[in-house]
Amino acid sequence: GSSYLFILSCRTGGWIKCNTTSVCVCVCVCVFVLQGPDESMFVTSVCFRGDYPLYHDSRIKVTVYHAQEPTTHNTRSFLGFTSFSIRDLLRSKEPHVSVMLCAQVCKVYRFQTEDQRWLLVREQLSETPLSFSLPKQLLSALIRTVLELFDLSSCFKSSGSKSDRHLQFVPTNLHSQRMEVINPDRTGVWYEVITFGAPADHHQAFKHGGLRRLLNELVKSALLAIHKQCTANSNSSHVHSNGLLCDTSSTNQEGEPSLDVYKRDTEYDEEEWDRAWANVAKSLNCIIAMVDRLQGREERPQELTSAEQQESTGDTNSHNTASPSSSSSASSWQEQLLPLVVTLRDCVREAVGKARAAMTFVVLQGAVAPTVDRGPAQIAQRRHAVFSQALSAVVCGFMLKLYGGLEDPEFLQQLLSVGVLAQFESLLSTYGDEVGMLEDMEVGVADLSEVAFAVTEAKTEQPDDLLPTLRGTWGSFVVEVPLTTEMFGPLPQELKEGRLIRVHPVLFNIGINQQQSLAERFGDSSPQERVNQQSCERLKAYCDKLRDKLPDVAGIQSLSDLLLSLDRSVESRKRKNVEVLWIAAMVCRKVNGVRLTSCKSAKDRTAMSVTLEQCVLLRERHTLGQQHFSTALDCMRSVPPASRAPGSQLCLAPKAPRRHLYPVAFLLVTSHLLVLWLILSLVILLAKYQ
């Protein structure tokens, strides 16, 4: 079929042909070949070196040729050209985004829609200086000193450095993945997702689990320390206020310590803490069951029988006249629920009291090191490091979302009224070390709920003055996002006066690799179920608040069906139920939320997820032809040899054309093979030792 070759030239005074094979720093435009009516093949990115003499008056020229063989010069014919100046480029719709993005890699495609028209799609993968900028500020706020990290000039941490002690606070493989879609009517839209390695402390590793388990073990260990201390006190003498000396130790007739002493010392139940919270859950379930039963009783068409009336009023005299049904119903609800509520209150008080006593004991006794194998100092550092990684990623996503919505009054009003949603999509398994990573990520994401954004006016338009700054202390950090005077002026007055924008983080995790197959068959997937259930409730609460505050926002009323589907998907607890992630992503985009995707290192699994989501968006929102879906997926998952920018980690798994082995389908097969292999290995082992 026919091919079209695009060649770029630059002129500052006279036209100079660019060398498209040299190693370059900043991407300006892409050169690609269109083959036939249906195929789009990306060739290379064309860049200019950092020391190339470019000025505002420099002009870029793109020449188009018709060629049977794109690599030869003899079989092509000139079709036309276009040109633009650097000044025009800098005045485009997104110049302000470039200050926080670096080492950009672009790819451009053309895909056909269902009505035989054309979509122009541009992918842009970028690193960001926020990878190091915010961790530096956080460290400064936490310890008020200068560390080795401050001497580093890089803006990127690769996956190979995720265990580096000096880079604990820096997110791994942080990128902004942006896709611009230009419709046949020339209207355009941007889609963004932030990709990064799951926020976790790889330096301390996961021998003792992640943050959630360590914090829970801290309370248990403190309770054990209290028990030992109380036992020691019970075996010693005590001087009363009246001066009398009392021996509180228990002895038998021979004067030896009784067996009860040893029994108290050895019979401490380490599951007591878990049982305290289990009692809370059971009490709550009893209340829910009672409410459901009372509601069902009220919905019956027939009236209550005399026996039910007697039970609800508590009247022992069956000959008394029954009270009206409304007062009887109210009395019944109060009398039957009150004991259950009191029980729940007592259970909560017991659990909270144990936790408060345990932590007070740790603080007062200075028993820091004995209470946990790693010690609370390491736990605090771990928590700060994980929080720093998550914070850098969410700030990057928020800034992109803010830049894209500066001219959208509904979006700005949403920020003021209910804050911004940050939806973290995790692909970690619940097996091995990745359980610890998920436990770290769960706590780090939850800590973001204490973060707020504020919009400020930048002092100058220099890049350093347009980077966000961090102020406040732990538990009340505020990220100030500076805007140029031109962008700051039209903002609502409340934002200009410093009104805070709250962050509402949610985390949904679905393991999709072979490790998750092991977890579901031989391990425990309850951490994933707990995380998804809690985040589903938080997401529903945010959407309910958004509906109450801004009921007229476009598409807000259609959230009910999506949230109901999400609730059903979470409750179904199916294996590798990626539908949970898809629905959560749809809800996030409908409410203008920040999307973040991660796995262990933000490479293979993350790339598969992002590229699939991008193609689904093209199909669902831009009528990408179904017959072109696989072609689009192939293009986005290919890695052109010259497309990698210096220092970047572009890790899109290359795929053979029109042949897809999706990870979920693959794992469904390999999980069965794994079970078969384990059975055969066991049989061989038994036969060997018989």
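- Listed for the Gln414 side chain is a donor-acceptor partner under 3.5 Å among the backbone atoms of Val591.
- Note on ring orientation: taking the six-membered ring where Trp is involved, the planes of Phe453 and Phe398 are parallel (angle under 30°, cut-offs 30° and 60°).
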From CA spacing to verdict: ring-ring contact (aromatic ring centres under 6.0 Å, His included), Phe156, His175 = CA-CA 9 Å; Phe156 182 76; His175 285 98; 5.2 Å; yes
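- Residues Val478 and Leu500 are in side-chain contact: their nearest non-hydrogen atoms beyond the backbone lie under 4.5 Å apart.
- The backbone N or O of Gly489 sits less than 3.5 Å from a side-chain atom of Lys496, completing a donor-acceptor pair.
- By the 4.0 Å N-to-carboxylate-O rule, Glu114 lies too far from Arg619 to be salt-bridged with it.
- Scanning all heavy atoms of the two residues, the minimum distance from Pro171 to Pro135 falls at CD-CG, 4.2 Å.
- Proximity of a side-chain donor or acceptor of Gln124 to a complementary backbone N or O of Met179 within less than 3.5 Å is not detected.
- Inter-residue side-chain proximity for Leu427 and Leu581 is flagged as met; some heavy-atom pair is nearer than 4.5 Å.
- Taking the six-membered ring for Trp, Phe111 and His628 have ring centres at least 6.0 Å apart.
- Tested against Val580 for a side-chain contact (heavy atoms from CB on, under 4.5 Å), the candidates Ser565, Ser572, Ser569 yield a single pass: Ser569.
- Under the 3.5 Å distance criterion, the side-chain polar atoms of Arg637 are matched with a main-chain donor or acceptor of Met608.
- Using a distance-only test at 3.5 Å, with no hydrogens or angles considered, a donor-acceptor pair links the side chain of Thr611 to the main chain of Ala607.
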Does the pair Glu457 and Leu483 meet the rule for a side-chain contact (heavy atoms from CB on, under 4.5 Å), with working shown?
-> CA-CA 5 Å; Glu457 185 175 8; Leu483 298 178; over 6 Å; no
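- No more than 12 heavy atoms of other residues, nucleotides or ligands sit less than 6.0 Å from atom CD of Glu407.
- Looking at every heavy atom in both residues, Leu130 comes nearest to Val395 through CD1-CG1, 4.0 Å.
- Considering only heavy atoms from C-beta on, Ile60 stays 4.5 Å or farther from Ser83 through its side chain.
- In the model, Tyr109 has a side-chain atom that pairs as donor or acceptor with a side-chain atom of Lys107 under 3.5 Å.
- With hydrogens and angles ignored, the 3.5 Å screen pairs a side-chain donor or acceptor of Ser58 with a backbone N or O of Tyr55.
- For the pair Pro551 and Ile556, the minimum side-chain heavy-atom distance is 4.5 Å or more.
- Proximity of a side-chain donor or acceptor of Ser417 to a complementary backbone N or O of Gln413 within less than 3.5 Å is detected.
- In this structure, Met586 CE and Leu559 CG are separated by 10.0 Å, a value rounded to the nearest 0.5 Å.
- Atom OG in Ser392 sits 10.0 Å away from atom NZ in Lys157 (nearest 0.5 Å).
- Listed for the Ser176 side chain is no donor-acceptor partner under 3.5 Å among the backbone atoms of Ile194.
- What you find for Pro482 and Asp465 is that their closest heavy atoms are CG-O, 3.3 Å.
- Remark: Arg178 does not engage Glu123 in a salt bridge, criterion side-chain N to carboxylate O under 4.0 Å.
- Between Asp544 and Arg547 there is a salt bridge, with a side-chain nitrogen of the basic residue lying less than 4.0 Å from a carboxylate oxygen of the acidic one.
- Contact annotation: the side chain of Phe424 never approaches that of Val506 to less than 4.5 Å [non-hydrogen atoms, C-beta and beyond].
- Using a 4.5 Å cut-off on side-chain heavy atoms (C-beta onward), Val451 and Leu391 make contact.
- Annotation: Gln493, atom CD; neighbour count of heavy atoms from other residues, nucleotides and ligands within 6.0 Å is above 12.
- A donor and an acceptor atom, one from each side chain of Gln137 and Thr469, are nowhere located under 3.5 Å apart.
- Salt-bridge annotation for Glu571 and Arg568: absent, with no side-chain N of the basic residue lying under 4.0 Å from a carboxylate O of the acidic one.
- Using modelled atom types, one side-chain atom of Asp408 and one backbone atom of Glu410 make a donor-acceptor pair closer than 3.5 Å.
- Ring geometry for His504 versus Tyr542: interplanar angle of 30 to 60°, hence tilted.
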Check the pair Trp190 / Arg122 against side-chain contact (heavy atoms from CB on, under 4.5 Å), numbers first and verdict last.
-> CA-CA 9 Å; Trp190 282 95; Arg122 176 160 69 103; 3.3 Å; yes
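- The distance from atom NZ of Lys401 to atom CG of Leu415, rounded to the nearest 0.5 Å, is 10.0 Å.
- Side-chain atoms of Asn173 and Ser159 form no donor-acceptor pair, as typed in the model, at a separation below 3.5 Å.
- Ser609 approaches Glu425 most closely through the heavy-atom pair OG-OE2, 2.7 Å.
- The CG atom of Leu612 sits 10.5 Å away from the CE atom of Met636 when rounded to the nearest 0.5 Å.
- For the residue pair Val610 and Gln177, the shortest heavy atom distance occurs at CG1-CG, 3.6 Å.
- At a threshold of 4.5 Å between non-hydrogen side-chain atoms, the residues Glu180 and Val121 do not count as touching.
- Annotation: the span from Phe132 atom CZ to Glu127 atom CD amounts to 10.5 Å, rounded to 0.5 Å.
- Using modelled atom types, no side-chain atom of Ser535 and backbone atom of Asn532 make a donor-acceptor pair closer than 3.5 Å.
- Looking only at atom types and distance, the side chain of Thr484 has no donor-acceptor partner in the side chain of Glu461 under 3.5 Å away.
- Nearest heavy-atom pair, Cys588 versus Arg595, reported as atom, atom and distance to 0.1 Å: SG-CG, 3.6 Å.
- Taking CG of Leu539 as the start and CD1 of Ile583 as the end, the distance is 11.0 Å to the nearest 0.5 Å.
- Contact of the Arg605 side chain with the Lys600 side chain is registered, since non-hydrogen atoms from C-beta on lie closer than 4.5 Å.
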Begin with the C-alpha distance, continue with both residues' side-chain angles, and end with the deciding distance and a verdict on side-chain contact (heavy atoms from CB on, under 4.5 Å) for Leu566 and Phe508.
-> CA-CA 11 Å; Leu566 178 63; Phe508 291 92; 4.0 Å; yes
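- With salt bridges taken as basic N to acidic carboxylate O contacts below 4.0 Å, one links Lys540 and Asp567.
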Applying side-chain contact (heavy atoms from CB on, under 4.5 Å), run through Ile501 and Leu495 and close with a yes or a no.
-> CA-CA 9 Å; Ile501 301 170; Leu495 283 178; 3.8 Å; yes
